[in-house]
Structure formats: C-alpha cells, structure tokens
Amino acid sequence: MVAAKAEAESMKKKELVHSPILTYFSVITLLSTCPPFVILLWYTMVHQDGSILNAFNYLKEHGIEGFVNIWPRPTAVAWKIIACYALFEAALQLWLPGKRVEGPISPTGNKPVYKANGVLAYVVTLVTYVSLWWFGIFNPTVVYNHLGEIYSALIFGSLVFCVFLYIKGHVAPSSTDSGSSGNIIFDFYWGMELYPRIGKNFDIKVFTNCRFGMMSWAVLAVTYCIKQYETNGKVADSMLVNTVLMLVYITKFFWWEAGYWNTMDIAHDRAGFYICWGCLVWVPSIYTSPGMYLVNHPVNLGPQLAISILIAGILCIYINYDCDRQRQEFRRTNGKALVWGKAPSKIVASYTTTKAETKTSLLLTSGWWGLSRHFHYVPEIMAAFFWTVPALFDNFLPYFYFVFLTILLFDRAKRDDDRCRSKYGKYWKTYCSKVPYRIIPGIY
C-alpha cells in the first residue's frame with residue numbers, strides 16, 4: 001500500500017514537469033488534435049500534392065463540413081488488413097524463439113522478463129510481406145490504396161484500446177507498478193500501468209511499441225516503394241535512399257530491442273494514450289510520411305547526391321547505435337568496459353526506491369555520454385533529416401516528422417533530466433557539472 005501511494009505521488013510529479021496549466025493545456029490539445037491531424041496529413045500528402053497551401057485553401061473554402069467529408073470511413077478491407085497484421089505480429093511475439101532478457105528493476109522492485117525475438121520477427125515479417133507480393137498472393141498497393149481508411153480505423157480502434165488499458169489499470173493491473181494520479185484525463189493520457197500484460201507472457205507495450213508500431217514503419221516503407229514501382233515501372237533513387245535508410249534504422253532498432261526495454265518509453269512511461277496510441281497510430285502515419293510523399297513525387301537525385309545522402313544517413317544511424325551500445329555495455333559490465341579504449345569516467349549515484357530501499361546506479365560521464373547528457377538524440381535527429389531530404393524542398397510537409405522528432409526528443413530530454421534530478425539529487429547535480437550540456441555539445 002505504501003509503495004502504491006509512492007507510485008501515485010511519482011506519477012503526479014511526472015505529469016507536472018511543466019506548470020499545471022501548461023500540462024493540462026498540452027494534454028487536452030494533444031488528445032483532441034492528434035487524431036484529426038493524422039487524417040489531414042494523409043489527405044494533404046495523397047490528394048493535395050503534399051501542399052499545405054492547397055489543403056488550407058480547401059479547408060478555408062469548405063470549412064468543418066469539408067474536413068468531415070475528407071475523413072475516410074473505416075471499411076471492412078481496412079479492418080481485415082489491421083486484424084491480419086496485428087494477429088500475425090502477436091503470434092510471432094509469442095511463438096518465435098528468443099533469449100530470455102530481464103528489464104531494469106522497477107520503482108516497486110519488480111523486474112520484468114522479456115523474450116528477445118525481435119530480429120527474427122522483423123525478418124519473418126519482411127520476407128513474408130515481400131513474398132506475398134512476389135508470388136502474386138497479396139499486392140501491397142492495396143494497403144496504400146486503402147491507407148486513409150486504415151488510419152481512420154486505427155484512430156478509433158486505438159482509442160478504444162486505450163480505454164481498455166485505463167479500465168484494466170483500475171480493475172486488473174498486471175503488477176504493483178500501477179496506480180492512479182487521481183485525474184482521469186492524466187490517467188488516460190499517461191497510462192495506469194508500467195508493465196501491462198495479457199496473461200503471463202504477452203507484454204502489451206512490447207506489442208504496441210515494437211511489434212505493431214516499429215514493424216509497421218518497415219512494412220509501410222516497403223509498401224511505398226512497391227507502390228511507386230507498380231505505378232511508374234521503376235523506383236526513383238530518392239525513394240531508394242529513403243527506404244534503405246529507414247530500413248537500416250529499423251533494423252538497428254530490432255537488433256538493439258533488448259536495450260530499448262531499458263529506455264524511458266518502456267521503463268518509465270506508462271501504457272496510455274501517449275505511448276500506446278502514439279505507437280499504434282502516430283508511428284505508422286507520421287514516421288512514414290516522407291516515404292508517403294515520395295510515392296507521387298519521385299525525385300532524380302543522381303548517383304553522387306544519392307550516395308552522399310545514403311552514407312551520411314548510415315553514419316548517423318551507426319553513431320546513434322554506438323551511443324546506446326556504449327552505455328548498455330557500460331551497465332552490463334558494471335562500469336568496467338572500456339570506453340573509447342580507456343577506463344570509463346563515472347559517478348556512483350545512490351537513490352531510494354518507493355519501498356525505502358537504498359540502491360546505486362552508475363552514471364557514465366565519458367565517451368559519447370561525456371559530450372552531452374543526451375547526445376544520442378543528435379544523430380537520431382540528423383538521420384531523420386537524411387531520409388527526408390531526398391524529397392528536396394518543394395514542400396515543407398515531408399519535413400514535419402523531422403521537426404516533430406526534434407521537439408519530441410528535446411522535451412523527452414527535459415523530462416528525463418527532471419526525473420533523474422528527483423531520483424539522484426546531489427549526485428545528479430554533480431553529474432550535470434561534469435556533463436553540462438543536455439543535447440548539443442557546446443550549445444544546449
């Protein structure tokens with residue numbers, strides 16, 4: 001009971017990282033604007049030539065009624081595609097073999113256990129999808145042609161799913177890492193449970209974040225490539241660069257999936273609208289949008305520019321991976337792994353859990369993590385730029401994801417810093433004095 005109360009207090013602190021008025025405004029704004037924005041972005045990309053001005057003029061002329069008219073109604077085809085994909089990924093998550101991996105100890109002392117089979121699920125998914133097209137069993141252009149209906153179905157279906165998570169958190173939580181902030185809006189938005197599961201083995205956040213969200217990013221990237229090929233008889237080098245970089249990044253993600261289970265998304269953010277609806281809807285719609293734009297806007301970059309962008313993007317993805325690998329290896333060896341060929345610089349920080357137990361963590365202050373406290377966000381943001389820039393600069397909309405990601409990661413860095421300041425106290429102050437920059441070395 002004491003742990004549950006402490007958890008509730010922790011939730012309140014997390015929700016009020018910003019001022020109360022700003023927090024309320026932000027949450028309600030996101031809940032009300034994100035769903036229609038997904039449809040508006042799809043409509044602008046596909047039906048208004050990617051032009052924000054064209055879409056604005058349409059809405060200016062037709063108003064709310066015009067927006068209602070462009071919102072696709074979920075169809076049986078859309079529901080079938082979603083259901084088949086979701087069931088396929090759920091089956092792979094449950095049944096494919098994988099190494100047993102333990103997550104970090106939770107605030108209430110629980111240690112979640114996962115089955116690391118993401119790489120295998122990723123390979124099986126892409127091979128199956130491309131094979132269905134290659135052998136004429138299913139044409140991925142069907143997905144593109146019903147994309148608006150699919151997004152519409154995902155919007156409503158995922159909202160219902162978030163209601164289910166809210167109710168489950170109240171009546172049947174999977175562990176003691178759950179609780180209410182006392183505010184129904186915050187509970188729905190941020191979530192009730194840290195590690196919700198169906199049964200013993202089906203982890204909901206692994207499914208929504210990794211197997212549905214991130215996997216759909218790869219599937220749709222391939223879909224856009226095939227759609228352009230089916231339409232034009234060839235794939236432009238701009239689309240190839242975009243698709244290859246996205247797939248390299250997603251491959252990196254699944255290769256490192258066990259490390260992802262130690263990040264803020266899984267270990268600190270609860271299963272609510274913010275994480276689960278975002279991964280079920282926002283990832284397949286917004287994260288894939290540069291490729292969606294390129295379907296109807298093929299750009300001939302030429303070999304020299306295409307290869308230059310490709311190399312720069314792969315380098316950014318590698319640095320992002322090496323940042324995460326460096327910290328993960330540092331933690332795995334209890335601070336004994338070499339960092340850039342030298343003994344690591346570190347701070348031993350103690351903290352108190354919600355059960356009043358004193359524990360210690362090691363804070364790495366050298367290598368990539370000596371440049372800034374969240375340096376790994378720099379190459380991630382730049383990678384997003386490089387897989388978007390093949391669209392060139394005729395329209396701004398393809399760059400929305402790049403701008404969104406920048407804002408998201410800067411906000412996440414602030415939330416993570418605030419959480420660590422609360423957790424580590426004086427040790428965090430010492431850490432910040434040794435690593436003074438939050439994200440961009442020498443600037444911010």
Side-chain angles (χ1 to χ4, degrees), residues 74-99 101 114-151 153-154 157-158 161 198 201-231 234-235 239-240 242-258 260 279-281 283-285 287-292 294-295 317 387:
T75 61
V77 173
W79 287 117
K80 287 177 183 177
I81 290 172
I82 294 169
C84 289
Y85 170 72
L87 289 172
F88 183 75
E89 293 303 329
L92 295 183
Q93 181 178 333
L94 283 172
W95 296 335
L96 286 179
K99 181 181 176 182
V101 174
Y114 304 99
K115 182 164 61 171
N117 57 9
V119 172
L120 187 55
Y122 177 63
V123 171
V124 170
T125 296
L126 290 187
V127 169
T128 300
Y129 193 59
V130 173
S131 296
L132 289 174
W133 169 63
W134 186 261
F135 292 107
I137 300 170
F138 176 78
N139 195 327
T141 60
V142 173
V143 175
Y144 179 85
N145 295 338
H146 292 271
L147 203 55
E149 301 153 34
I150 291 171
Y151 288 152
L154 282 174
S158 299
F161 182 71
I198 297 175
N201 297 318
F202 190 76
D203 189 284
I204 290 175
K205 281 170 71 179
V206 169
F207 176 74
T208 58
N209 296 26
C210 306
R211 306 312 167 80
F212 194 102
M214 291 299 294
M215 201 75 76
S216 69
W217 188 354
V219 169
L220 285 173
V222 172
T223 298
Y224 299 149
C225 208
I226 292 174
K227 173 63 178 179
Q228 190 180 84
Y229 174 78
E230 296 264 327
T231 301
K234 63 178 181 178
V235 180
M239 176 66 88
L240 283 175
N242 168 268
T243 304
V244 169
L245 286 179
M246 283 187 171
L247 291 180
V248 169
Y249 178 82
I250 299 163
T251 302
K252 183 273 299 184
F253 173 85
F254 282 108
W255 182 264
W256 174 76
E257 187 183 43
Y260 174 69
C279 289
L280 294 172
V281 183
V283 170
S285 60
Y287 286 38
T288 68
S289 58
M292 191 195 312
L294 284 169
V295 169
I317 295 169
W387 67 59

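Since the model is a prediction, treat every value here as computed from it, not as a measurement. All residue numbers in this chain count up from 1 along the given sequence.
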Answer yes or no: are there more than 12 heavy-atom neighbours, outside Tyr229 itself, under 6.0 Å from its atom OH? no
Excluding sequence neighbours, so at least two apart, what forms side-chain contact (heavy atoms from CB on, under 4.5 Å) with Ala83? none
According to salt bridge (Lys or Arg N to Asp or Glu O under 4.0 Å), does anything in residues 201-226 pair up with another residue at least two apart or in another chain? List the pairs. Arg197-Asp203, Arg211-Glu257
Results of side-chain hydrogen bond (donor to acceptor under 3.5 Å, both in side chains) for Thr223 - residues two or more places apart only: Tyr129
Please report the closest heavy-atom contact between Leu154 and Leu280, naming both atoms and the distance. CD1-O, 3.7 Å
Results of side-chain hydrogen bond (donor to acceptor under 3.5 Å, both in side chains) for Trp256 - residues two or more places apart only: Gln328
With sequence neighbours excluded, what pairs up with Trp255 under the side-chain contact (heavy atoms from CB on, under 4.5 Å) test? Val119, Tyr321
Check: Asn242 and Tyr224 side chains under 4.5 Å, non-hydrogen atoms: no
Main chain of Gly213, side chain of Ser216: is a donor-acceptor contact present, judged purely on distance under 3.5 Å? yes
Leu294 versus Thr243: any side-chain heavy-atom pair under 4.5 Å? no
Can you find a side-chain donor-acceptor pair between Asn209 and Tyr260 that sits under 3.5 Å? yes
Exercise answer: donor-acceptor pairs, residues 136-145 side-chain atoms, under 3.5 Å, sequence neighbours excluded:
unit_1	atom_1	unit_2	atom_2	d
Asn139	OD1	Thr141	N	3.0
Asn139	OD1	Thr141	OG1	2.9
Asn139	ND2	Glu230	OE1	3.4
Tyr144	OH	Asn296	ND2	3.1
Asn145	OD1	Lys227	NZ	3.1
Asn145	ND2	Thr141	O	3.1

Using side-chain contact (heavy atoms from CB on, under 4.5 Å), reason through Trp133 and Val222 one step at a time and then give a plain yes or no. CA-CA 11 Å; Trp133 169 63; Val222 172; over 6 Å; no
Just grab all the salt bridge (Lys or Arg N to Asp or Glu O under 4.0 Å) pairs involving residues 118-130, residues at least two apart or on different chains. none
Please list all pairs passing the side chain to side chain donor-acceptor pair (under 3.5 Å) test where one or both residues lie in residues 75-99, with sequence neighbours left out. Thr75-Glu149, Glu89-Thr125
Within the distance-only criterion (no hydrogens, no angle test), does the side chain of Tyr151 pair as donor or acceptor with the backbone N or O of Pro284 below 3.5 angstrom? yes
May I have the list of side-chain donor-acceptor pairs in residues 245-252 shorter than 3.5 Å, sequence neighbours left out?
unit_1	atom_1	unit_2	atom_2	d
Tyr249	OH	Glu380	OE2	2.7
Thr251	OG1	Tyr122	OH	2.9
Thr251	OG1	Leu247	O	2.6
Lys252	NZ	Asn320	OD1	2.6

Partner residues of Tyr114 under the ring pair (Phe, Tyr, Trp, His ring centres under 6.0 Å) criterion, sequence neighbours left out: Trp261
Partners meeting ring pair (Phe, Tyr, Trp, His ring centres under 6.0 Å) with Phe202 (sequence neighbours left out): Phe207
